[in-house]
Colleague: 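Sharing a structure here in structure tokens format.
Quick note: numbers below take in every heavy atom, side chains included, and nothing from hydrogens, waters or symmetry partners. Remember, predicted model here, so these are calculated numbers, not experimental data. Numbered from 1 within each chain, the chains take letters A, B, ... in sequence-line order.
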Number of protein chains: 2
Amino acid sequence: MTITPLASRFVAHFGEMGSRWGINRTVGQIYALLFVSNKPLNAEEIAEALSISRSNVSMGLKELQAWRLVKLQHQPGDRREYFSAPDDVWTIFSTLAEERRKREVDPTLTMLRDALMERPSEPGDKFAQQRMKEMYEFIELFTSWFSDVQKMEPKTLMQLMKLGSRVKKLLEVKDKIAVIAGSKSK
Amino acid sequence: MTITPLASRFVAHFGEMGSRWGINRTVGQIYALLFVSNKPLNAEEIAEALSISRSNVSMGLKELQAWRLVKLQHQPGDRREYFSAPDDVWTIFSTLAEERRKREVDPTLTMLRDALMERPSEPGDKFAQQRMKEMYEFIELFTSWFSDVQKMEPKTLMQLMKLGSRVKKLLEVKDKIAVIAGSKSK
DNA sequence: ACCATATTTCAGTAATTACTGAAATATCAA
DNA sequence: TTGATATTTCAGTAATTACTGAAATATGGT
């Protein structure tokens, strides 16, 4: 298994980027390789393409599986495991976001909730709790919005993203309609 | 400068989180400390509160300044530099996103653009380029949407986030109006 | 059950990143 | 300009994280 210069640049770039995001370099490289590969690859092929040890690939793939970022499949008459990245970029992004939420955002919310439950005994704590509350509410709003977005069909989502800040107009129209209809919505 | 048990837990948590995001632990801690502090702090106070060396604080603050995440100010009659975190959580998030875009997303887009310009010489390259194109378009759409969102007033933004996936209804209404008005918008 | 081969684990080592203390530099006030 | 104090730099070291090769384990076909 060899790698073209074009793919090589892509792979190297994502190796670098990975390390900036707390993902180890080889994991980033493995994923990038799978992403641009036109067919599923087995561990041996990955190791050769990236010039890393077989065991390193094993660990990297384990990590990617834990993140639900790779699909594992089998080829008929071959007992080796073949891996590929999902076809859809939005799926990839969405999975990544969901996993990070589980691993980082949820524990943060728990920590904040616990901290907010406590009676502010020492002087500065009242202020600190106020700040934590702001952060808590922001994260809450943001994550529940994102989970809503995740449920939307990609088509609706595209529409919304393309609308960009012109969505403001639409919200104004909505409010007018609400007023006319005598709705309590504000 | 001492730190209450409540603040201490918050600080420790963001130290941990930082390292998962490619931000070094002490930088995360410094920022967390400034975030919950009711007054600006100088480097010495930070070093004492976190039990780290003065030079480490200096490097951490430099890093945070490079990210535009801290405000530097002076107290009358005191030549030491005092630091604080912005008041508004949305501002913090927004700044962080913007910096990451500059440092990571923009270089990625450049790399992808360059790769897409090249003639696919080797076999797999055509497929690889197709994949890179998908990624390019996704990132483009997403970042330009985000920069639109950044321009919106927080109030409009809140409204939109609270609307969540019910925005779909609104988009449908919009399309109907467009049809009635004979607009070419789709 | 056995063998061939695929995969994982893990202890040791390599590489990277973080941190410190000391020295150098900068800054402000007298 | 000098001195007191604040800040930065940086070489050396500590701590952490990544990687390898060898051994252990798992798997599927005969």
Colleague: Using a distance-only criterion (donor-acceptor N/O pair, under 3.5 Å, no hydrogens), is the base of D/dG21 paired with the side chain of A/Ser55?
Modeller: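 When only heavy-atom distances are counted, A/Ser55 does reach the base of D/dG21 through a donor-acceptor pair under 3.5 Å.
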Colleague: Report the nucleotide, chosen from D/dT20, C/dT20, C/dT9, that has the shortest atom-to-atom distance to any side-chain atom of A/Ser58.
Modeller: C/dT9
Colleague: Tell me every residue that passes salt bridge (charged side-chain N to carboxylate O under 4.0 Å, His left out) with B/Lys151, counting only those two or more places apart in sequence or in another chain.
Modeller: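 B/Lys151 satisfies salt bridge (charged side-chain N to carboxylate O under 4.0 Å, His left out) with B/Asp148 only.
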Colleague: Is the shortest distance from a Lys or Arg side-chain nitrogen in A/Arg101 or A/Glu98 to a carboxylate oxygen in the other one below 4.0 Å?
Modeller: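 Looking at A/Arg101 and A/Glu98, the cut-off is not met.
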Colleague: What is the nucleic acid contact for B/Glu44, judged by heavy atoms within less than 4.0 Å: base, sugar-phosphate only, or nothing?
Modeller: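 No contact.
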Colleague: If I take atom CG in residue A/Asn42 and atom P in nucleotide C/dT5, what distance separates them, rounded to the nearest angstrom?
Modeller: 15 Å
Colleague: Calculate the interatomic distance between A/Glu81 atom CD and D/dA26 atom P; express it in whole Å.
Modeller: 14 Å
Colleague: Donor-acceptor pair, B/Arg25 side chain versus B/Gly15 backbone, under 3.5 Å?
Modeller: no
Colleague: When you check the gap from the basic side-chain N to the acidic O, do B/Glu99 and B/Arg68 get nearer than 4.0 Å?
Modeller: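 Here B/Glu99 pairs with B/Arg68 in a salt bridge, since their nearest N and O are under 4.0 Å apart.
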Colleague: Does the distance from a Lys or Arg side-chain N to an Asp or Glu carboxylate O, for A/Lys176 and A/Glu172, drop under 4.0 Å?
Modeller: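 A salt bridge is absent here (no side-chain N lies under 4.0 Å from a carboxylate O).
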Colleague: Less than 4.0 angstrom from a charged side-chain N to a carboxylate O is my criterion; do B/Glu134 and B/Arg131 meet it?
Modeller: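 Yes, B/Glu134 and B/Arg131 are salt-bridged.
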Colleague: State whether B/Glu137 and B/Lys133 are salt-bridged, where the test is any N-O pair (Lys NZ or Arg NE/NH1/NH2 against Asp/Glu carboxylate O) under 4.0 Å.
Modeller: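 Looking at B/Lys133 together with B/Glu137, the answer is yes, because their closest N to O distance falls below 4.0 Å.
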Colleague: Taking the six-membered ring of B/Trp21 (Phe, Tyr or Trp), confirm whether the NZ or CZ of A/Arg100 is under 6.0 Å from its centre and within 45° of its axis.
Modeller: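 Satisfied, under 6.0 Å and within 45°.
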Colleague: Taking the six-membered ring of B/Trp67 (Phe, Tyr or Trp), confirm whether the NZ or CZ of B/Arg103 is under 6.0 Å from its centre and within 45° of its axis.
Modeller: yes
Colleague: Enumerate the residues from residues 59-80 of chain B whose closest heavy atom to DNA chain C is under 4.0 Å, giving them by residue number; use none for an empty result.
Modeller: B/Met59, B/Arg79
Colleague: Grab the CD1-P distance between B/Ile52 and D/dA15 for me, whole Å please.
Modeller: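 Rounding to the nearest Å, CD1 of B/Ile52 and P of D/dA15 are 15 Å apart.
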Colleague: May I have the distance from A/Asn56 (atom CG) to C/dT9 (atom P), rounded to whole angstrom?
Modeller: 14 Å
Colleague: What are the residues of residues 11-28 of chain B, sorted by number, that bring a heavy atom to within less than 4.0 Å of DNA chain D?
Modeller: none
Colleague: Tell me the interatomic distance from B/Arg54, atom CZ, to C/dA26, atom P, rounded to whole angstroms.
Modeller: 16 Å
